[in-house]
Every structure is written in C-alpha cells, then in structure tokens.
S.K.: 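Can you keep this structure in mind? I'll have questions shortly.
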Amino acid sequence: MVKRIYCFEWIIALGFLLLVAVVSSKNHGNQANDLVDLINKNRTSKRLPQLNNSPGLGCMAMQYIKECRFNCSQVNTVNCKPSEDDFTEIFAPNCGVELPTFGTISGLIVGCHQKHLDPPEAFQNVLVHDNGTLSILRNRTHREVGVGIIRAKRHKGPYLWCALFGSNERNSTFVLEDLGKGIEQKEGCYSGSGSSCSSGGRNGSFVWMLIFCIFVLSSTGFF
C-alpha cells in the first residue's frame with residue numbers, strides 16, 4: 001500500500017514536470033513573428049509605417065543565416081557574406097519563392113549570440129545593437145520585412161538571427177508557391193509562418209525531461 005502511494009506521488013510529480021517541459025518546449029510560438037512585432041513597434045514609435053510580415057523574406061532570411069551558421073565568433077559577430085546571386089539561385093528556390101515575384105531587397109541585418117536570447121533581448125542586442133542597424137531598421141523605403149532564426153547545430157552552438165527588408169508593394173513580392181506554403185523547413189523558424197520554432201529556440205529540454213522521467217520511473221520499479 002505504501003509503495004502504491006509512493007508511486008502515485010511520483011506519477012503526479014513527474015506529470016507536472018512533463019507539463020512544464022511541454023509548455024517550455026513550445027517556446028511561446030514563433031519568435032520570429034515576435035521580432036517582427038518589435039520591429040514594427042519601434043518604427044511606429046518614430047511615426048514610421050508598419051512593415052508587412054513577409055514569409056518569403058522570412059524564409060530567405062533563415063536560409064541566409066543557415067549558410068552562415070558556422071561563422072559566429074566568440075564575441076558574437078557574424079563573419080559571413082553570401083553572394084547576391086545566392087538569393088535567386090539558392091535561398092529563394094529552397095524556400096519555394098516564385099522567382100517572377102522576386103522583388104527588391106532594401107536592407108539586411110544579421111547577427112548571432114552564443115546563447116539563446118528571447119525576442120526583446122535579441123532585438124536590443126542583435127538586431128539593433130548600434131546606430132547602423134537602427135538606421136537600417138528605420139529606413140523609410142522599407143515596405144516589408146522577414147525574420148529568420150536558426151541554431152548553428154540542432155542541439156548546441158550559437159544562435160543566429162537575420163532580418164531582410166523589401167521596398168516593394170505589400171503582398172505582391174516574394175510569394176511562396178503552393179498557395180503560400182512554400183517548401184517545408186525542417187529546422188529553425190521564420191516570420192510569417194504559423195508554425196513554432198524547431199531548433200530556432202530552446203526546445204531540447206522536453207527530450208531530456210522525458211528521458212529523466214522514464215529513468216526515474218524505471219528505478220522505482222514502476223515499469
């Protein structure tokens with residue numbers, strides 16, 4: 001009887017831990033969308049128009065930092081500059097951007113950090129870390145923006161962020177094929193998408209928590 005009560009208490013406790021792990025693994029949704037919201041709040045605070053959240057630009061932003069994923073220094077600078085041809089020859093095709101709709105890219109901000117940063121921290125410490133990046137963010141010619149987030153490796157390494165800006169009419173450029181779905185991305189996350197981050201955020205905790213729970217249950221003779 002005592003053993004049953006003991007196991008029951010363990011089940012309740014582990015169930016609570018699993019619930020916490022599941023909630024944290026969702027990482028509060030898509031953080032790339034959160035960053036677009038912060039960009040627009042910063043712009044409207046200076047009476048600048050909001051930018052359209054473009055999934056096409058967002059996906060290409062993620063492709064950009066995917067190519068630069070191993071070039072984040074210990075002082076959190078990205079030493080990488082892909083060719084302009086990569087946008088039309090690699091990034092757009094990998095996302096499923098319809099090439100006839102490829103517009104003008106009017107700005108680019110890229111940065112990295114050795115540790116994961118929540119959207120407000122990433123905004124302040126990565127996207128607008130100096131006057132130069134702040135000037136890009138507040139450029140009056142921008143009409144749309146897309147943000148991408150990815151980690152250097154699936155479960156370790158630094159995180160990278162990228163914001164791409166376009167100066168085209170809203171909703172008419174960087175259109176994703178298949179009615180806006182584009183090509184499914186298996187890692188990272190980008191704005192304009194309804195799916196949550198995969199390796200763009202701290203989602204490894206759920207796996208380790210599950211392993212821990214199984215180990216504890218096995219050691220108590222539950223299985």
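In this chain, numbering begins with 1 at the start of the sequence shown. Both backbone and side-chain heavy atoms feed into the values below; hydrogens, waters and symmetry mates do not.
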S.K.: Using the rule that two of Ile, Leu, Val, Met, Phe, Trp, Tyr join whenever any of their side-chain heavy atoms come within less than 4.5 Å, decide whether I90 and L164 are in one cluster.
M.R.: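 I90 and L164: one cluster.
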S.K.: Hey, what do you get for CG (L99) to CD (E177), rounding to the nearest 0.5 Å?
M.R.: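 Separation between the atoms: 9.0 Å.
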S.K.: One pair to check against side chain to side chain donor-acceptor pair (under 3.5 Å): S83 and D86. What are the steps and the verdict?
M.R.: CA-CA 5 Å; S83 167; D86 287 352; 4.6 Å; no
S.K.: Taking side chain as C-beta onward, heavy atoms only, is V147 less than 4.5 Å from I39?
M.R.: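 Yes. Closest side-chain heavy atoms under 4.5 Å.
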S.K.: With no hydrogens and no angle check, just 3.5 Å: does a side-chain donor-acceptor pair link N33 and S191?
M.R.: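 Side-chain D/A pair, N33 to S191: absent.
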S.K.: Can you tell me how far apart CG (L35) and CG (N40) are? Round to the nearest 0.5 Å.
M.R.: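 With rounding to 0.5 Å, CG (L35) is 11.5 Å from CG (N40).
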S.K.: Can you find a pair of side-chain heavy atoms, one from F123 and one from V128, that are under 4.5 Å apart?
M.R.: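 Answer yes - side chains close enough.
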S.K.: Return yes if some donor-acceptor pair links the side-chain N/O of Q114 with the main-chain N/O of S73 below 3.5 Å, else return no.
M.R.: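 Yes: the side chain of Q114 pairs with the backbone of S73.
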S.K.: Keeping the roles fixed (side chain from N168, backbone from T104), state whether a donor-acceptor pair exists under 3.5 Å.
M.R.: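 Looks like yes, one N/O pair under 3.5 Å.
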S.K.: Within this structure, what is the CH2-CG distance for the pair W161 and L117, rounded to the nearest 0.5 Å?
M.R.: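 Answer for the CH2-CG pair, W161 versus L117, is 4.0 Å.
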S.K.: Quick one: do L127 and L51 end up in the same hydrophobic cluster if we chain Ile, Leu, Val, Met, Phe, Trp and Tyr together by side-chain heavy atoms under 4.5 Å apart?
M.R.: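 Cluster IDs for L127 and L51 match.
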S.K.: Is the shortest side-chain heavy-atom distance between M62 and C162 below 4.5 Å?
M.R.: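 M62 vs C162: side chains apart.
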S.K.: Just how far is it from atom CG of L179 to atom NZ of K181, taken to the nearest 0.5 Å?
M.R.: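 Going from the CG atom of L179 to the NZ atom of K181 covers 7.0 Å.
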S.K.: Show the nearest heavy-atom pair for residues M60 and F102, with the distance to one decimal.
M.R.: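 Closest pair (atom of M60, atom of F102, distance): SD-CE1, 3.6 Å.
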S.K.: Disulfide bond (SG atoms under 2.5 Å apart) with C59: which residues, sequence neighbours excluded?
M.R.: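 So C59 forms a disulfide bond (SG atoms under 2.5 Å apart) with C95.
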S.K.: Once the angle between the rings of F87 and F91 is folded into 0 to 90°, is it parallel (under 30°), tilted (30 to 60°) or perpendicular (over 60°)?
M.R.: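 F87 vs F91 ring planes: perpendicular.
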S.K.: Looking only at heavy atoms, which two atoms of T101 and S172 are closest? And how far apart?
M.R.: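 T101 and S172 have their closest heavy atoms at CB-O, 4.1 Å.
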S.K.: Have E144 and T173 got a donor and an acceptor in their side chains that come within less than 3.5 Å?
M.R.: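 Their side chains do contain a donor-acceptor pair, which is all the 3.5 Å distance test asks for.
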S.K.: Identify the heavy atoms of G148 and I65 that sit nearest to each other, and give their distance.
M.R.: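 That closest heavy-atom pairing would be O-CD1, 3.4 Å.
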S.K.: Any side-chain heavy-atom pair from N52 and R143 closer than 4.5 angstrom?
M.R.: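 Sidechains of R143 and N52: no contact.
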S.K.: Using the rule that Ile, Leu, Val, Met, Phe, Trp and Tyr join whenever any side-chain heavy atoms are under 4.5 Å apart, tell me whether I183 and L176 fall into a single cluster.
M.R.: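 No, no single cluster joins them.
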S.K.: Under 4.5 Å between any side-chain heavy atoms of Q31 and H116, yes or no?
M.R.: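 When only atoms from C-beta onward are counted, H116 and Q31 do touch, with a gap below 4.5 Å.
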S.K.: Report yes or no: does S54 contribute a side-chain atom to a donor-acceptor pair with the main-chain N or O of L57 at less than 3.5 Å?
M.R.: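 A pair under 3.5 Å: yes.
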S.K.: Is it the case that atom CG in N131 sees more than 12 heavy atoms from other parts of the structure closer than 6.0 Å?
M.R.: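 Not more than 12 within 6.0 Å, no.
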S.K.: Would you compute the distance between atom CD of E67 and atom CG of L160 and round it to the nearest 0.5 angstrom?
M.R.: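 Interatomic distance, E67 CD to L160 CG, rounded to 0.5 Å: 12.0 Å.
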S.K.: Please assess N139 against T141 for the test side chain to side chain donor-acceptor pair (under 3.5 Å), listing each intermediate value before the final yes or no.
M.R.: CA-CA 6 Å; N139 191 311; T141 65; 2.7 Å; yes
S.K.: What's the separation between atom OG in S167 and atom CZ in R140, rounded to the nearest 0.5 Å?
M.R.: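 Answer for the OG-CZ pair, S167 versus R140, is 15.5 Å.
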S.K.: Between the side chain of N30 and the main-chain N/O of C189, is any donor-acceptor distance below 3.5 Å?
M.R.: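 Side chain of N30 to backbone of C189, a donor-acceptor pair under 3.5 Å: no, none is there.
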S.K.: I need the minimum non-hydrogen distance between C80 and N71, along with the two atoms involved.
M.R.: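 Closest heavy-atom pair between C80 and N71: CB-CB, 3.9 Å.
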S.K.: Do the side chains of F174 and E98 get nearer than 4.5 Å, heavy atoms only?
M.R.: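 No, too far: nothing below the 4.5 Å cut-off.
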S.K.: Checking N42 against R138 for the side chain to side chain donor-acceptor pair (under 3.5 Å) test, could you report, in this order, the C-alpha distance in whole Å, the side-chain angles of both residues, the deciding distance, and whether it holds?
M.R.: CA-CA 8 Å; N42 185 279; R138 293 177 178 173; 2.9 Å; yes
S.K.: So, does T133 use its side chain to make a donor-acceptor pair with the main chain of D130 at under 3.5 Å?
M.R.: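 The answer is yes, because a donor-acceptor pair under 3.5 Å joins these two groups.
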S.K.: Backbone N or O of P120 within a donor-acceptor pair of the D118 side chain at under 3.5 Å?
M.R.: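 Not confirmed, D118 side chain does not pair with P120 backbone.
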S.K.: For the pair Q124 and H129, evaluate side chain to side chain contact (heavy atoms under 4.5 Å, CB included) and give the outcome as yes or no after the intermediate values.
M.R.: CA-CA 6 Å; Q124 293 182 356; H129 57 83; over 6 Å; no
S.K.: If you define the side chain from C-beta out and look only at heavy atoms, does anything of L108 sit under 4.5 Å from F165?
M.R.: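 L108 does not reach F165 side chain to side chain.
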S.K.: Which heavy atom of N76 sits nearest a heavy atom of C72, and at what distance?
M.R.: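 Of all heavy-atom pairs spanning N76 and C72, the closest is CA-SG, 4.2 Å.
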S.K.: Does a side-chain N-to-carboxylate-O contact under 4.0 Å join K66 and E187?
M.R.: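 The answer is yes: the pair qualifies as a salt bridge.
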S.K.: Please tell me if the side chains of R151 and R69 come closer than 4.5 Å, counting only heavy atoms from C-beta onward.
M.R.: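 R151 does not reach R69 side chain to side chain.
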S.K.: Linking I/L/V/M/F/W/Y whenever their side-chain heavy atoms sit closer than 4.5 Å, directly or via other members, would I109 and V126 fall into one cluster?
M.R.: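 Yes: a chain of side-chain contacts under 4.5 Å links I109 to V126.
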S.K.: Checking ring pair (Phe, Tyr, Trp, His ring centres under 6.0 Å) for the pair Y159/H113: CA distance, chi angles, key distance, verdict?
M.R.: CA-CA 5 Å; Y159 294 82; H113 201 279; 9.0 Å; no
S.K.: Looking at every non-hydrogen atom in both residues, tell me the closest pair between C68 and V78 and how far apart they are.
M.R.: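 Smallest heavy-atom distance, with atoms named: CB-CG1, 4.1 Å.
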